[in-house]
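Starting off with a structure, shown below.
Protein chains get the first letters and strands the later ones, always in sequence-line order, with residue 1 at the start of each.
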Amino acid sequence: MSGFRSDFLRILAERGFIHQCTDPEALDALAASDRLVGYVGFDCTADSLHVGNLLSIMMLRWLQRTGHRPIALVGGGTTKVGDPSGKDESRRLLSEAEIARNKKGILHSLEKFLDFGGGGALLVDNADWLDRLLYIPFLREVGRHFTVNRMLTFESVRQRLEREQPLTFLEFNYMVMQAYDFLELNRRLGCRLQMGGSDQWGNIVCGIELARRADGSQLFGLTCPLLTTASGAKMGKTAQGAVWLNENRLPPFDYWQFWRNTEDADVGRFLRLFTELPLAEIARLERLQGAEINEAKKVLAFEATRLAHGEEVAKKAAAAARSLFEGGRASIEALPEIVVPRDRLAEGVPVIELFTLAGLVKSRGEARRLIRGGGARLDDRRITDEHLVVGEADFDSGHLKLSAGRKRHVLVRAA
RNA sequence: GGAGGGGUGGCCGAGUGGCUAAAGGCAGCAGACUGUAAAUCUGCCGGCGCAAGCCUACGUAGGUUCGAAUCCUACCCCCUCCA
């Protein structure tokens, strides 16, 4: 598979992005000779993208870097329907206002990775065409190219039917709409390629078939593997939920930490997928053994954070981690922080409450347990008294560091 | 339409009148060991409370009882077999 002539496919193949691809030779020839337009769809269910979307985002980024044009499609229209893929239950429907807010957040995520400047990447919303469709004309133009027989064979549909879980007609239409998106993007913007996770294969192929039947044009599909960690856990999920790309959802320091705590066995693979370091450099890092592999993890954390949050922020996160874990001066400015008014401090605030405010624990009871278990620290001193009250006197330096375990820290600032 | 089985904490899954905030497992959190890894071991793991205790919770709504996840009634949902 590595005999690709185009930079785009060669890089994706070398770095491990390619799971399945329709007609790779023809796509390669196209990418080698022309400016290719390709897209990925993101659904609109949250106001930030997360690490689970990162493979797709990186594919778009490489598309742009190798001289082609990436399109990010947000599913403002399809989100009103809900994708049955892989879900065993229907998604809840979102209101227009929620969708608008989510779109803004998604653009914020993407802007870090793609250049939306003139002639560059494009952000489109399929609501622009889906909202205006008329039922009868749509059925006549598009619906006639789909057979229900074929639709029933798709994995997402079959699963629902086999488990005898309800699949509404609304959801059943999801693949038709996604297929139509591809057709529409091809007609409007000359888009020839759709990429996505391997779970999107069926939907993508649907679009390719539709375009062939409706317009006689050849479109292409490319999917990336579904990522799991070496231990088999789903990539990008932690205890607190998804690993978000937007800083308002997840502090950059925590993002950095997420990558820093990668399992040994995943380091090489992740460096290839989630950074843009040269492969030779990655090969060198990957060969590090024992404790030395920590160097590779720091590089991974820095590079990944740089892409998502910028170089300055990545440096701060790295510095904060260094001071936290490797001693050295207090360079803790990148830690997540909360602000407590001075007059409240004057009255005295129970530590238990501080931990709850900082979001390090979910309830006061959990804070107590943390203290009893010896996992709570205040400026690196273990807290032994769960009734401890923090007052203004504890804030000579203007801030106080709360720690839950070795890895989770929040800075409390007096204001 | 008929017969039977079932809905329990984030998930799986025991529990058939008080000893049940509910066994066990998974996931999670913390501690120890390490390399901020993995594996292992220990503790914790509904909310409020210093505690005693109070509140919330075993599909939903009622009822029986001193006392119900457990018994009764109705309803909703799911599964298996038959027509």
Should we say atom CZ of A:Arg140 is surrounded by more than 12 heavy atoms from elsewhere, each under 6.0 Å from it?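 No - once you tally the heavy atoms of other residues, nucleotides and ligands closer than 6.0 Å, there are 12 at most.
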Verify the contact: side-chain N or O of A:Thr262 to OP1 or OP2 of B:rA37, cut-off strictly under 4.0 Å; return yes or no.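 Looking at the OP1 and OP2 atoms of B:rA37, neither is under 4.0 Å from any side-chain N or O of A:Thr262.
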What nucleic acid atoms does A:Ala376 come within less than 4.0 Å of, heavy atoms only: base, sugar-phosphate, or nothing?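 Contact class for A:Ala376: none.
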Pairing partner (Watson-Crick or G-U wobble, both distances under 3.5 angstrom) of B:rA32: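 Here B:rA32 is engaged in a pair, and the nucleotide opposite it is B:rU40.
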Residue met sooner reading RNA chain B from 5', once A:Gln289 and A:Ser363 are mapped to nucleotides: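 It is A:Gln289, whose closest nucleotide lies nearer the 5' terminus.
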Any base atoms under 4.0 Å from A:Arg260, or only sugar-phosphate, or nothing? Heavy atoms, all strands.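 Contact class for A:Arg260: base.
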Within the 4.5 Å heavy-atom criterion, are A:Tyr39 and A:Arg192 side-chain neighbours or not?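 A side-chain contact is absent here, since even the closest heavy-atom pair is not under 4.5 Å.
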Got A:Asp47 and A:Ile106 here, is their nearest side-chain heavy-atom distance under 4.5 Å?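 Counting from C-beta outward, A:Asp47 and A:Ile106 never come under 4.5 Å.
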Base partner of B:rC81, which must satisfy Watson-Crick or wobble distances under 3.5 Å: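 When the pairing criteria are applied, B:rG2 turns out to be the nucleotide that pairs with B:rC81.
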Where each residue is assigned the nucleotide of RNA chain B containing its nearest heavy atom, which of A:Gly374 and A:Asp264 is assigned the position nearer the 5′ end?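 Its nearest nucleotide being more 5', the pick is A:Gly374.
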So, does A:Lys362 get its side chain near the phosphate of B:rG10, meaning an N or O under 4.0 Å from OP1 or OP2?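 No, because none of the side-chain N or O atoms of A:Lys362 sits under 4.0 Å from OP1 or OP2 of B:rG10.
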Using a cut-off of less than 4.0 Å, is there contact between a side-chain N or O of A:Arg372 and OP1 or OP2 of B:rG43?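 For B:rG43, OP1/OP2 do not have a side-chain N/O of A:Arg372 under 4.0 Å.
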Using OP1 and OP2 only, check whether a side-chain N or O of A:Arg369 sits under 4.0 Å from B:rG47.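 Answer is yes, contact under 4.0 Å.
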Return the nucleotide paired to B:rC19: Watson-Crick means purine N1 to pyrimidine N3 with N6-O4 or O6-N4, wobble means G-U with N1-O2 and O6-N3, both under 3.5 Å.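 Pairing partner: none.
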Taking the six-membered ring for Trp, are the ring centroids of A:Trp259 and A:Phe274 within less than 6.0 Å of each other?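 Yes, ring centres under 6.0 Å apart.
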A:Lys316 bridged to A:Glu312 by N-O distance under 4.0 Å: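 No salt bridge links A:Lys316 with A:Glu312.
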Under 3.5 Å for both donor-acceptor distances, Watson-Crick or wobble: does B:rC26 have a partner, and if so which one?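 Because both required distances fall under 3.5 Å, B:rC26 counts as paired with B:rG10.
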Heavy atoms only, 4.0 Å cut-off, all strands: where does A:Gln257 land among base, sugar-phosphate and nothing?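 Base contact.
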Please confirm whether the shortest side-chain N or O distance from A:Arg382 to OP1 or OP2 of B:rG31 is below 4.0 Å.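 No, A:Arg382 has no side-chain N/O under 4.0 Å of OP1/OP2 on B:rG31.
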Does the structure show a Watson-Crick or G-U wobble partner for B:rC75, both distances under 3.5 Å? Name it, or say none.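 Per the H-bond distance test, B:rG59.
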